[in-house]
J.: 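Questions regarding the structure given below will be posed in turn.
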There are 2 protein chains.
Amino acid sequence: MSSGKNAVVRIKDIALKAKVSTGTVDRVIHNRGRVAEDVKERVLKILKELNYEPNIMARMLGSKKQYVFAALLPDHTYDAFWMAPKLGIEKAEQDLRQYGVSVEQYVFNPHDPQDYVKMANKLTKKNPDGILLSPIYYNETLPFFEKWNEAKIPFVLFNTQIAEYDPLSYIGQDSYQSGLLAAKLVHYGQPNPCSILIAHIDEEMSNAQHLVKKEQGFRNYFIQQNLAHHYNIISTELNRSSQSGFIKKLDEILESTLDLKQIFVTTSQAYDIAKYLNQRHVKNIKLIGYDLIAPNLYYLENGDISFLINQNPKGQGYWGIYQLAEHLVFKKEVPILKYLPLDVVTNENLNYFRDEKSDTFVEI
Amino acid sequence: MSSGKNAVVRIKDIALKAKVSTGTVDRVIHNRGRVAEDVKERVLKILKELNYEPNIMARMLGSKKQYVFAALLPDHTYDAFWMAPKLGIEKAEQDLRQYGVSVEQYVFNPHDPQDYVKMANKLTKKNPDGILLSPIYYNETLPFFEKWNEAKIPFVLFNTQIAEYDPLSYIGQDSYQSGLLAAKLVHYGQPNPCSILIAHIDEEMSNAQHLVKKEQGFRNYFIQQNLAHHYNIISTELNRSSQSGFIKKLDEILESTLDLKQIFVTTSQAYDIAKYLNQRHVKNIKLIGYDLIAPNLYYLENGDISFLINQNPKGQGYWGIYQLAEHLVFKKEVPILKYLPLDVVTNENLNYFRDEKSDTFVEI
DNA sequence: ATTCGTTGTGTGTTCGCACACATTTAATAA
DNA sequence: TTATTAAATGTGTGCGAACACACAACGAAT
């Protein structure tokens, strides 16, 4: 089935069959006009009939068009999480170099909306062929979406989703589903009634829709399973800007919740909870968190963190750029929504999700 | 950093600098001989100096070389597991069609070594450019390895590893590690002492090294964690050829092992255990198995199977073919060993591992 | 009737490489 | 020395698509 008639169809073949020249076929394909209506339709029909697909090699070779993409993402020196998307972007750039793609990175201080806007403006001035960004500031982002739409510059979102405007595509995880998954893991490890803490660290819930969804998913799992009455689920927002405040709040929770058995950290700072539990010599509370950053891995290997849910941040960067190329360079259709798999990572399968190892591999 | 001097070097440039014609440079590059020694060295030096990299597009375009790969794999009508590799192979073929790659599939009855040999012979006669196979019969395979080595046909193994001869690469999972992972999941869900059953179904252990390794990994987890004395781990080989025998054996085990809490099925037949437990109205035994085949998914969604470890069979097929292409078509170096990630799949993240969804996605 | 512009169509060149073929140079035999 | 051959090197064409350009046909404006 996949083989069969494998005769590759060329423009020439189309031209022959339609009794026109290759130039005319070319004009039809690229919609350049200057073709009589009846001829155009005839060619179009044959194009479909013969299932013509342009030869990428020839296309790339002929036109020395260069594509400049721009990537707008937080500076990884503020939050190690952002190192991975950066690496993914660079790997994609590497893979696509042959096709004339280059990527300019615009990094901003993730704690400073001003800086975000500044870099977005700088990027916009450069008028790139495509844009990849993690729109962590909702309000600040919308005007840019309008600009880019006007300028017909396709943009891809990753990690943070903004549904209002229509990006070329969104790459990231389904936060709600990820909350469900975390709940399943918690429940599996804790079949008997107990208290569970959901901890949001260093983020304002009002401005972080994905954390809200994670919590919803988490809570709904227990509701769906008719287990809500067995578990006492409490949630809290912690802030590490004051170390003492952070510890004090945790102390209070632990004192007032004697049957606390699990903590679900919705951000990538599970390691700080692990550190705290270690200091307090608490041994019977299990931890689930996000992201394979170094300090988390330390506690995962220790056994202090049971599971980390991997958001595949490198893949987000990689596929973001790749989607742009698929669209602009290869002229393929790209899916509007691309949810990356929710990887459950433990000490035992960690190796396959680390950078070094998983460098070339693909889930198809 | 990635840009800088981006002037792409062409054969022409090399020729100019070396004061020879492009033909001579071409001969040097392809080692076609007929070049004076001193000239050859001069060209070679400049090639390195200017860091020449051939333009893939132009290369592919120029030479209409066709690559025929052969894939030797079990017939999926005998075991649904093999459907996925087949799909992966076909997807890879699709993706590589532009580069002149086609794949011929040779499927054999997995219960019949004779048939295996027959198809391997047939394949060998065709003298393909590259071979992908799952060498499920050790002894029968070795002579072919020798033949292919002599004929200098690169071959890639998947799913089953044979280390003795050197394949171009192996694609699959680390069975030992996968046993460790299963044990971790079991232990997480069963922190208190109990009995655990390891069930090997429809395979002869003597001929299935990977099952042995899975069991080793599983047992070693508990030893490493100093928990061996807490758990009573028993293992059994079950055969479904006799339905009554299958059930009888399970009945016996359940009767004699009252504190049995977990069953780890090392093959893809967890669903048959699930069915059995359902029939017997056993509710307090948890199940972990392998592979996202339809009947397993049914019980996973039911909740009767807690986790499935995904071996990414589609990816195995896809990457197997892709590795061959990387080597032969793109002339890149390929890693000898490629362990695919051990995916922990539950009802909550299942969607991302199903065919439909994960069709285009990659872990890089 | 000539000039012009518009529309429709065909031709020719380019991209970088592979490979067939042509040509030059050097070495050897007659 | 000249003819013969092998070795060394140069030239030319094709791959498929993109795009610039050439050209023909026809009506409208001069």
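So you know, we letter chains A, B, ... as the sequences are listed, proteins then strands, and number each from 1. Side chains included, hydrogens not; waters and symmetry mates left out as well; all remaining heavy atoms used.
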J.: Looking at residues at least two apart in the chain, or sitting in another chain, which of them share a salt bridge (Lys or Arg N to Asp or Glu O under 4.0 Å) with A:Arg59?
T.: none

J.: Apply salt bridge (Lys or Arg N to Asp or Glu O under 4.0 Å) to B:Lys126 and list each qualifying residue two or more places apart in sequence or on a separate chain.
T.: B:Glu104

J.: If the condition is side chain to side chain contact (heavy atoms under 4.5 Å, CB included), which residues does A:Met119 pass it with, not counting sequence neighbours?
T.: A:Leu72, A:Tyr106, A:Phe108, A:Asp115, A:Lys122

J.: Have a look at A:Ile11 and say if it touches a base, only the backbone sugar-phosphate, or nothing, with a 4.0 Å heavy-atom cut-off.
T.: sugar-phosphate

J.: By the 4.0 Å heavy-atom rule, please label B:Arg59 as base, sugar-phosphate, or nothing.
T.: sugar-phosphate

J.: Which residues pass the side chain to side chain contact (heavy atoms under 4.5 Å, CB included) test with B:Pro85, sequence neighbours left out?
T.: B:Leu73, B:Trp82, B:Phe158, B:Pro313

J.: Send over the distance from A:Leu61 CG to D:dA17 C1', rounded to a whole Å.
T.: 9 Å

J.: Could you encode protein contacts along nucleotides 19-27 of chain D as a string, one character per nucleotide from 5' to 3', using B for base contact, S for sugar-phosphate-only contact and - for no contact, with a heavy-atom cut-off of under 4.0 Å?
T.: B--------

J.: Check side chain to side chain contact (heavy atoms under 4.5 Å, CB included) between A:Lys125 and all other residues, then give those that pass, not counting sequence neighbours.
T.: none

J.: Ignoring hydrogens and angles, write down the donor-acceptor pairs under 3.5 Å from the side chains of residues 26-44 of chain B, residues two or more places apart or on other chains.
T.:
from    : atom 1 : to      : atom 2 : distance (Å)
B:Asp26 : OD1    : B:His30 : ND1    : 3.3
B:Asp26 : OD2    : B:Arg32 : NE     : 3.4
B:Asp26 : OD2    : B:Arg32 : NH2    : 3.2
B:Arg27 : NE     : B:Gly23 : O      : 3.4
B:His30 : ND1    : B:Asp26 : O      : 3.1
B:Asn31 : OD1    : B:Lys40 : NZ     : 3.3
B:Arg42 : NH1    : B:Ala18 : O      : 2.3

J.: So how far is it from B:Asn51 CG to B:Ile46 CD1, rounded to the nearest 0.5 Å?
T.: 14.0 Å

J.: Which whole-number value in Å describes the distance from A:Ile14 CD1 to D:dA18 P?
T.: 13 Å

J.: What is the 5' to 3' range of DNA chain C, first to last nucleotide, that sits under 4.0 Å from any heavy atom of chain A?
T.: C:dT7 to C:dG16

J.: With a 4.0 Å heavy-atom cut-off, tell me which residues in residues 40-58 of chain B come close to DNA chain C, sorted by residue number.
T.: B:Tyr52, B:Pro54, B:Asn55, B:Ala58

J.: Determine the contact category for A:Arg34: base if any of its heavy atoms lies under 4.0 Å from a base atom, sugar-phosphate if only primed atoms, P, OP1 or OP2 are that close, otherwise nothing.
T.: base

J.: Run the salt bridge (Lys or Arg N to Asp or Glu O under 4.0 Å) test against B:Asp166 and tell me which residues pass, sequence neighbours left out.
T.: none

J.: Quick one: side chain to side chain contact (heavy atoms under 4.5 Å, CB included) partners of A:Glu326, sequence neighbours excluded?
T.: A:Tyr322, A:Phe330, A:Lys332, A:Val334

J.: Check salt bridge (Lys or Arg N to Asp or Glu O under 4.0 Å) between A:Lys45 and all other residues, then give those that pass, not counting sequence neighbours.
T.: A:Glu49

J.: What is the distance from CE of B:Met60 to P of D:dG16, rounded to the nearest Å?
T.: 13 Å

J.: Please determine, by modelled atom types, if A:Glu90 and A:Gln105 share a side-chain donor-acceptor pair under 3.5 angstrom.
T.: yes

